[in-house]
Participant: 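Pasting in a structure now, in structure tokens, and then I'll have a few things to ask.
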Amino acid sequence: MAPVSTIAEIGKHEGQAVTIRGWLYNLRESGKLLFPQFRDGSGIIQGVVPKNAVTPEVFEAVKTLTQESSVIVEGKVRADKRAPGGYELDVANVQVLQRVPESDPYPITPKEHGTDFLMEHRHLWVRSQRQAAILRARAEIIKAARDFFDERGFTLTDPPIITPAACEGTTTLFPVDYFEEQAFLTQSGQLYVEATAMALGKVYSFGPTFRAEKSKTRRHLTEFWMVEPEVAYAQLDDIMELAEGLITFIVKRCLERRHADLKTIGRDISKLEKIEPPFPRISYDDAVKNLQEGHAKGALETKFEWGGDLGSPDETYLSAQFDKPVMVHRYPAKVKAFYMEPDPQRPELALCVDVLAPEGYGEIIGGSQRMASHELLLQRIHEHGLPEEAFKWYLDLRKFGSVPHGGFGMGIERAVAWICGLEHVRETIPFPRMLYRLYP
RNA sequence: UCCUCAGUAGCUCAAUGGCAGAGCAUCCGGCUGUUAACCGGAGGGUUGUAGGUUCGAGUCCUACCUGAGGAGCCA
């Protein structure tokens, strides 16, 4: 048998016989000439089978192949201008491992389908070129995020997924029966990385988080992945700089290594090429002014009042004014989590930042400087009606060598949706978990 | 939880209250350079469910179910 090659690397074997192991993507025919397209997970290549060039058995085997039948194909690699990938395969032999019967054909045809149908067949949909390209981009984004932190002296520390208490409200928690006790799936690893940051200085976590929010929008999943750095002695400005550096690094990495996939997905790459530091930084106060001007101009339906959290249309309006992610900092403490450090200049504000992606993709990062004072943190826990007992360990961090520190969480799926230019986050993860969708 | 929209062949969609249709997929036939190939033919229907109005309902009304988009909330 000829040496095995992936389709992505087939150019290295030009003029030679190779073996491709994969599936039939599509078959076109023109009389005594067959054009089977094979895919193997790395790419797609068109085979050419003239009737007079192969045995009758091979011709018949290819002619009767059905979509997604598994095949091992031997043939000679030939450069061809007409081929989208630059190469074609002159097929010499075909071994059919499993032929999909025409009585029960592969349901996803090369024509268009609706979202419901595609989601029901997500286990097969991931075989489509575009979906495979998105999953490769996701893998690159995750690797880039990890490389960014690994190369800067951060230690990966994995927080627990089963947790005893909420770090924010309890209505959005998935309960778990933990032997005799009530436990929950984690909403964020943040509180735990604060603990490991006090041990190791610079840490990050990467893992799944769960939120039982009844949100049904293009930006929400009930199960999503976050990367959460936490840095001892870091202040708000350090956190903003870190977020800016991370986003820039990830985008550049995708442009370098996943250029072909971004093109397959149909991303406007020029928009990503503009992502360079510094990102615009605007205070909440200025954001409010900006939104009120937007309302006066008729661009926003409701007039935004100081004191509220930014709504989705507000975020879209703000981010549309920039071609880079925009960092909105110092929100009113009341609308933010209990653990955020107040601004010493204006204690009604929290030292926090939200990073809004361009093109209406919304908040991709939320972060803050964390509260360092034991006394104030205890007071906030009480004000939020949280059980002090559950946070005893967290309060300990402020008793034993408390320091200024901070960090943020970046939602992987939203970052992938933005970088790939997708309509919906459901395409950014192999098997999305959403409100009203648990299958497959 | 609320608002809006949709549900007809395996898929994507048509059908003024008056005979249930097309393209793709599947099957049969044709074509030696096709690019979601094309051309000819065939099979394929409990119009989401339950009621109601009407001589007559895919179409109008009511309720429910399912899905989509959005709000709130969030990454």
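Note that the structure is predicted; figures quoted are calculated from it, not measured. All chains are named by letter (A, B, ...) in the order of the sequence lines, taking the proteins before the strands, and each is independently numbered beginning at 1.
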Participant: If B:U54 has a Watson-Crick or G-U wobble mate with both distances under 3.5 Å, name it; if not, just say none.
Facilitator: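 Pairing partner: none.
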Participant: Starting the side chain at C-beta, find the nucleotide from B:G33, B:A75, B:C31 nearest to A:His220.
Facilitator: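 When the side chain of A:His220 is considered, B:A75 is the closest of B:G33, B:A75, B:C31.
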Participant: What distance, rounded to whole Å, do you find between the two P atoms, one in B:G56 and one in B:C19?
Facilitator: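 Those two atoms are separated by 15 Å.
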Participant: Closer to the 5' end of RNA chain B via nearest nucleotide, is it A:Thr222 or A:Glu423?
Facilitator: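 Upstream on the strand: A:Glu423.
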Participant: Taking the same atom, P, in B:C11 and in B:U26, what whole-Å distance lies between them?
Facilitator: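 About 15 Å, rounded to a whole number of Å.
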Participant: When you compare B:C39 with B:A57, how far apart are their P atoms, in angstrom units rounded to a whole number?
Facilitator: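 Between the two P atoms, the distance is 39 Å.
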Participant: Nearest whole Å is fine: how far is B:G30 P from A:Leu34 CG?
Facilitator: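 After rounding, the gap between these two atoms is 13 Å.
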Participant: Taking only the P atom of each, what is the distance from B:C28 to B:A20 in whole angstrom?
Facilitator: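 That atom pair is separated by 31 Å.
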Participant: What contact category does A:Glu102 fall into here, base, sugar-phosphate, or nothing, at under 4.0 angstrom with non-hydrogen atoms?
Facilitator: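 A:Glu102: backbone/sugar contact only, no base atoms under 4.0 Å.
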Participant: May I ask you to evaluate whether A:Ser312 reaches the phosphate of B:G70, defined as a side-chain N or O under 4.0 Å from OP1 or OP2?
Facilitator: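 Looking at the OP1 and OP2 atoms of B:G70, neither is under 4.0 Å from any side-chain N or O of A:Ser312.
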Participant: From C-beta outward on A:Phe117, which listed nucleotide comes closest to its side chain: B:A71, B:C11, B:G33?
Facilitator: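 From the listed options, B:C11 comes nearest.
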Participant: I need the CG-P distance between A:Leu435 and B:G72, as an integer number of Å.
Facilitator: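 Rounded to the whole Å, the gap is 16 Å.
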Participant: A:Ala83 or A:Tyr106: which one's nearest nucleotide on RNA chain B is closer to the 5' end?
Facilitator: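 The residue mapped nearer the 5' terminus is A:Tyr106.
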Participant: Looking only at the side chain of A:Glu363 (C-beta and beyond, no hydrogens), which of the listed nucleotides B:A75, B:G70, B:G33 gets closest?
Facilitator: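 Selected nucleotide (nearest to the side chain): B:A75.
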Participant: Check every strand shown and say whether A:Gly362 touches a base, only sugar-phosphate, or nothing at a heavy-atom separation below 4.0 Å.
Facilitator: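 Contact class for A:Gly362: none.
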Participant: Can you find a donor-acceptor N/O pair under 3.5 angstrom joining the side chain of A:Gln46 to the base of B:U34?
Facilitator: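 Such a pair exists between side chain and base.
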Participant: With sugar-phosphate meaning primed atoms plus P, OP1 and OP2, does A:Phe224 contact a base, only sugar-phosphate, or nothing at under 4.0 Å between heavy atoms?
Facilitator: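 A:Phe224: base contact, heavy atoms under 4.0 Å.
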Participant: Could you please name the option among B:G70, B:U26, B:C74 that lies closest to any side-chain atom of A:Lys216?
Facilitator: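 Shortest atom-to-atom distance from the side chain points to B:G70.
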Participant: Is any side-chain nitrogen or oxygen of A:His424 closer than 4.0 Å to OP1 or OP2 of B:G69?
Facilitator: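 Checking A:His424 against B:G69: at least one side-chain N or O falls below 4.0 Å of OP1 or OP2.
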Participant: With both distances under 3.5 angstrom, what nucleotide forms a Watson-Crick or G-U wobble pair with B:C38?
Facilitator: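 The base-pairing partner of B:C38, which may sit in any strand shown, is B:G30.
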Participant: Can you tell me the Watson-Crick or wobble partner of B:G23, both distances under 3.5 angstrom?
Facilitator: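 Matched B:G23 with B:C11 under the 3.5 Å cut-off.
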Participant: Going by distance alone, is a donor N or O of one side chain under 3.5 Å from an acceptor N or O of the other, for A:Thr109 and A:His113?
Facilitator: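 The criterion, which ignores hydrogens and geometry beyond distance, is satisfied for A:His113 and A:Thr109.
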Participant: Distance check needed: B:C11 P versus A:Asp104 CG, whole Å only.
Facilitator: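 In whole Å, B:C11 P lies 13 Å from A:Asp104 CG.
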Participant: Looking at side-chain heavy atoms only, is the closest gap between A:Thr155 and A:Tyr204 below 4.5 Å?
Facilitator: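 No; the side chains remain at least 4.5 Å from each other.
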Participant: In whole angstrom, what separates A:Met410's CE from B:A75's P?
Facilitator: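 It is 14 Å, rounded to the nearest whole Å.
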Participant: Any chance you could lay out the side chain to side chain contact (heavy atoms under 4.5 Å, CB included) test for A:Arg122 and A:Trp125, step after step, and finish with the verdict?
Facilitator: CA-CA 5 Å; A:Arg122 182 61 178 168; A:Trp125 188 23; 3.1 Å; yes
Participant: Would you say A:Leu124 and A:His121 make side-chain contact, with heavy atoms under 4.5 Å?
Facilitator: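 Yes, close enough: below the 4.5 Å cut-off.
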Participant: Looking at every strand, decide which applies to A:Leu221 at a 4.0 Å heavy-atom threshold: base, sugar-phosphate, or nothing.
Facilitator: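 If one applies the 4.0 Å heavy-atom cut-off, A:Leu221 turns out to touch a base.
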Participant: To the nearest angstrom, how far is A:Phe206 atom CZ from B:A75 atom C1'?
Facilitator: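 Distance check: A:Phe206 CZ to B:A75 C1' gives 13 Å.
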Participant: Given the structure, check if the side chain of A:Arg28 and the base of B:C31 hold any donor-acceptor pair shorter than 3.5 Å.
Facilitator: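 Absent.
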Participant: Any N or O donor-acceptor pair under 3.5 Å from the base of B:C11 to the side chain of A:His113?
Facilitator: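 Looking at the base of B:C11, it does not pair with any donor or acceptor on the side chain of A:His113 (distance under 3.5 Å).
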Participant: Pick the P atom in B:U16 and in B:G21, then give their distance to the nearest Å.
Facilitator: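 It works out to 13 Å between them.
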Participant: Kindly compute the distance separating OH (A:Tyr25) from OG (A:Ser69), expressed to the nearest 0.5 Å.
Facilitator: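 Taking OH in A:Tyr25 and OG in A:Ser69, the distance rounds to 15.0 Å.
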Participant: Looking at B:G70, B:U32, B:A75, which one has an atom nearest to any side-chain atom of A:Met226?
Facilitator: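 Of the candidates, B:A75 comes closest.
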Participant: Is there ring stacking between A:Phe35 and B:G33, where the centres must be under 5.5 angstrom apart and the planes under 30 degrees?
Facilitator: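 Answer is no, no stack.
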Participant: Heavy atoms, side chains only, cut-off 4.5 Å: are A:Arg433 and A:Leu438 in contact?
Facilitator: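 Yes. Closest side-chain heavy atoms under 4.5 Å.
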Participant: Take atom C1' in B:C38 and the same atom in B:G23, then report the distance between them in whole Å.
Facilitator: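 That atom pair is separated by 14 Å.
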Participant: Checking all strands, does A:Glu413 fall into the base, sugar-phosphate, or nothing category for heavy-atom contacts under 4.0 angstrom?
Facilitator: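 It contacts nothing in the nucleic acid.
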Participant: Would you say A:Arg258's side chain and A:Ile141's backbone share a donor-acceptor pair under 3.5 angstrom?
Facilitator: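 Judged by distance alone, no pair lies under 3.5 Å.
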Participant: For B:C2, which nucleotide is its Watson-Crick or G-U wobble mate, given both distances must be under 3.5 Å?
Facilitator: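 The base-pairing partner of B:C2, which may sit in any strand shown, is B:G70.
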Participant: Let's test this: given Watson-Crick or G-U wobble pairing with both distances under 3.5 Å, identify the partner of B:U46.
Facilitator: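 The base-pairing partner of B:U46, which may sit in any strand shown, does not exist here.
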Participant: For a quick test of reading the model: is some side-chain N or O of A:Lys214 closer than 4.0 Å to OP1 or OP2 of B:C73?
Facilitator: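 Result: no.
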Participant: How many whole angstroms separate atom CG of A:Leu27 from atom P of B:C31?
Facilitator: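 Distance check: A:Leu27 CG to B:C31 P gives 16 Å.
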Participant: Quote, to the nearest angstrom, the C1' distance that separates B:G67 from B:G48.
Facilitator: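 B:G67 and B:G48 have their C1' atoms separated by 11 Å.
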Participant: Quick one: label A:Arg219 by what it contacts on the DNA or RNA (base, sugar-phosphate, nothing), any heavy atom closer than 4.0 Å.
Facilitator: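 Base contact.
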Participant: Any donor-acceptor pair under 3.5 Å linking the side chain of A:Gln292 with the backbone of A:Phe304?
Facilitator: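 Side chain of A:Gln292 to backbone of A:Phe304, a donor-acceptor pair under 3.5 Å: yes, one is there.
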Participant: Expressed as a whole number of Å, how far does the C1' atom of B:U47 sit from that of B:A9?
Facilitator: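 Each nucleotide's C1' atom is 10 Å from the other's.
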Participant: For A:His121 and B:U12, what is the distance between atoms NE2 and C1' respectively, to the nearest whole Å?
Facilitator: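 After rounding, the reported distance stands at 14 Å.
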Participant: Ignoring backbone atoms, establish whether A:Arg437 has a side-chain N or O less than 4.0 Å from OP1 or OP2 of B:A68.
Facilitator: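 Indeed, a polar side-chain atom of A:Arg437 lies that close.
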Participant: Rounded to whole Å, please give me the gap between CD in A:Glu120 and P in B:U66.
Facilitator: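 After rounding, the gap between these two atoms is 13 Å.
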Participant: Could you check whether atom CZ of A:Arg99 has more than 12 heavy atoms from other residues, nucleotides or ligands sitting under 6.0 Å from it?
Facilitator: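 Above 12, so yes.
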Participant: Looking only at side-chain N and O atoms, does A:Arg130 come under 4.0 Å of OP1 or OP2 in B:A36?
Facilitator: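 No, outside the criterion.
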Participant: Between B:C73 and A:Ser215, counting only base atoms on the nucleotide and side-chain atoms on the residue, is there a donor-acceptor pair under 3.5 Å?
Facilitator: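 Present.
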Participant: Tell me if the side-chain of A:Asn26 makes a donor-acceptor pair with the base of B:U35, cut-off 3.5 Å, by modelled atom types.
Facilitator: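 Such a pair does not exist between side chain and base.
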